[in-house]
Protein chains: 2
Amino acid sequence: MVVEALHGGADHISAEEIYEQVRDRYPYANISTVYRTLELLKELGLVTEVELGDGRVRYHPAERGRHHHLVCQKCGIILDLPENAISNLEDVLFHEYGFQADLRHLAIFGLCTECRN
Amino acid sequence: MVVEALHGGADHISAEEIYEQVRDRYPYANISTVYRTLELLKELGLVTEVELGDGRVRYHPAERGRHHHLVCQKCGIILDLPENAISNLEDVLFHEYGFQADLRHLAIFGLCTECRN
DNA sequence: GTACATGCAAACCGTTTGCAGCCTA
DNA sequence: TAGGCTGCAAACGGTTTGCATGTAC
């Protein structure tokens with residue numbers, strides 16, 4: 001049920017939100033089981049974690065591929081950013097700083113088009 | 001004393017670390033006062049917050065200028081990255097996605113030169 | 001005497017853990 | 001009968017809050 005919630009719900013779902021979905025179908029479920037299942041899926045490489053700045057970890061099915069996030073600090077909308085928009089940065093960091101960046105699911109904060117004014 | 005700790009200590013200091021320094025000089029001090037002072041300094045624009053991935057907020061004097069952080073996930077070292085290394089990204093996000101990124105103190109995770117092997 | 005800063009303790013919230021019971025093999 | 005998963009409750013760690021006292025102006 002955790003896996004189904006990950007695939008069926010919003011793209012970046014928190015443990016709490018997964019828990020709610022699971023509990024709708026099986027009211028005795030417990031949030032610690034959700035966390036333990038997510039931990040397992042993480043070890044298996046099936047989900048990745050993202051921290052989108054609201055103090056809770058969010059989860060994302062790994063098979064949906066990498067992408068980055070533009071998080072609007074005003075309205076909270078999360079825009080997906082294709083991975084290649086940042087590949088140039090990855091090169092610069094590697095060649096000029098010797099740093100091998102792990103740019104999976106980078107979160108960049110700022111203001112979206114709507115909220116810019 | 002909070003301000004002095006911010007300027008005297010490590011570049012990105014946590015509330016807990018500030019608290020320790022303050023308490024060395026004034027043992028009756030309380031951590032809630034540290035948090036309240038940091039909140040005040042934040043409103044005044046004198047400090048900025050950074051989240052460097054260890055689950056606690058770190059603080060940085062605003063006057064020391066912007067820069068970004070390369071955080072090694074293996075050895076934990078924090079390398080400073082000049083702001084202009086990323087200005088290109090800022091332009092791309094703005095022109096291609098209409099997103100006004102707030103790239104103060106971005107944290108990028110990965111592996112440093114030492115730990116890459 | 002009024003406003004504001006402080007210490008203290010308790011609450012908070014997301015996450016983790018110890019333990020006992022249960023199911024399955 | 002042994003292993004591992006679950007529910008439950010309690011702990012955890014960083015941060016915030018309510019309240020009563022203190023201090024300065």
Side-chain angles (χ1 to χ4, degrees), chain A residues 1-6 9-62 69 71 73 76 78 104-107 109, chain B residues 1-7 9-62 69 71 73 76 78 104-105 107 109:
Chain A
M1 283 190 272
V2 169
V3 172
E4 285 171 27
L6 274 165
D11 208 13
H12 307 96
I13 190 169
S14 68
E16 203 83 30
E17 288 162 350
I18 293 173
Y19 175 48
E20 281 167 27
Q21 288 193 34
V22 171
R23 206 176 36 181
D24 283 348
R25 294 165 54 191
Y26 175 61
Y28 303 107
N30 192 273
I31 194 154
S32 56
T33 304
V34 173
Y35 278 108
R36 286 189 274 230
T37 307
L38 287 169
E39 181 69 21
L40 175 65
L41 294 172
K42 216 166 53 183
E43 282 167 22
L44 294 173
L46 296 176
V47 304
T48 54
E49 296 182 332
V50 216
E51 169 55 61
L52 259 31
D54 63 348
R56 70 188 74 184
V57 178
R58 297 184 165 273
Y59 299 88
H60 175 85
H69 307 94
V71 183
Q73 288 170 320
I78 299 171
R104 281 177 297 186
H105 299 282
L106 183 69
F109 302 94
Chain B
M1 283 191 272
V2 170
V3 173
E4 285 171 26
L6 274 165
H7 283 83
D11 209 13
H12 307 97
I13 191 170
S14 68
E16 203 84 29
E17 288 162 351
I18 293 172
Y19 174 49
E20 280 168 26
Q21 287 192 36
V22 170
R23 205 176 36 180
D24 283 348
R25 293 165 56 190
Y26 174 62
Y28 303 107
N30 192 274
I31 194 152
S32 56
T33 304
V34 171
Y35 277 109
R36 285 190 274 231
T37 307
L38 287 168
E39 180 68 22
L40 175 64
L41 294 172
K42 216 166 51 183
E43 282 167 21
L44 295 172
L46 296 175
V47 304
T48 53
E49 297 183 332
V50 215
E51 169 55 60
L52 260 30
D54 62 348
R56 70 187 75 183
V57 179
R58 298 186 166 272
Y59 299 88
H60 176 86
H69 307 94
V71 183
Q73 288 169 320
I78 299 171
R104 282 177 297 188
H105 299 283
F109 301 93

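As a basis for the values below, the full set of heavy atoms in this structure was taken, side chains included, without hydrogen atoms, waters or symmetry mates. Below, read A as the first sequence line, B as the second, and so on, with proteins coming before strands; counting in each chain starts at 1.
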For nucleotides 5-11 of chain D, read 5' to 3', which letter fits each nucleotide if B means a protein heavy atom sits under 4.0 Å from the base, S means only the sugar-phosphate is that close, and - means neither?
-BBB---
Pairwise N/O distances under 3.5 Å, protein to nucleotides 21-25 of chain D:
none

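If you measure from atom CG of B:Leu41 to atom C1' of C:dA5, you get 14 Å, rounded to the nearest angstrom. C:dT15 atom C1' lies 5 Å from atom OH of A:Tyr35, rounded to whole Å. Between the CG atom of A:Asp54 and the C1' atom of D:dT15 there is a distance of 15 Å, rounded to whole Å. When rounded to the nearest whole Å, the span between CZ of B:Arg56 and C1' of D:dT16 equals 17 Å. As a whole-Å value, the separation of B:Leu38 CG from D:dG14 C1' is 13 Å. At whole-Å resolution of the value, CD in B:Glu39 and C1' in D:dT15 are 11 Å apart.
Partners of B:Gln73 under the side chain to side chain contact (heavy atoms under 4.5 Å, CB included) rule, at least two apart in sequence or in another chain, are A:Asp102, B:Phe109. Qualifying side chain to side chain contact (heavy atoms under 4.5 Å, CB included) partners for B:Tyr28, counting only residues two or more places apart in sequence or in other chains: B:Tyr26. Under the rule for a side chain to side chain donor-acceptor pair (under 3.5 Å), the partners of A:Thr48 that lie at least two apart in sequence or sit in another chain are A:His105. In this view, B:Glu51 satisfies the side chain to side chain donor-acceptor pair (under 3.5 Å) rule with no residue, not counting sequence neighbours. For A:Ser14, the side chain to side chain contact (heavy atoms under 4.5 Å, CB included) partners two or more places apart in sequence, or in a different chain, are A:Glu16, A:Glu17, A:Arg56, A:Arg58. For A:Glu20, there are no side chain to side chain donor-acceptor pair (under 3.5 Å) partners at least two apart in sequence or on another chain. Taking B:Asn30 as the reference, B:Ser32 meet the side chain to side chain donor-acceptor pair (under 3.5 Å) condition, with sequence neighbours excluded. Not counting sequence neighbours, the partners of A:Leu40 by the side chain to side chain contact (heavy atoms under 4.5 Å, CB included) test are A:Leu44.
A:Tyr35 contributes atom OH, which lies 9.0 Å from atom CD1 of A:Ile18 (distance to the nearest 0.5 angstrom).
The aromatic rings of A:His69 and A:His12 sit perpendicular, their planes meeting at an angle over 60°, well past the 30° parallel limit.
Within the structure, the salt bridge (Lys or Arg N to Asp or Glu O under 4.0 Å) test picks out the following pairs touching residues 36-45 of chain B (sequence neighbours left out): B:Glu39-B:Lys42, B:Lys42-B:Glu49.
A heavy atom closer than 4.0 Å to some atom of DNA chain C occurs in no member of residues 12-23 of chain B.
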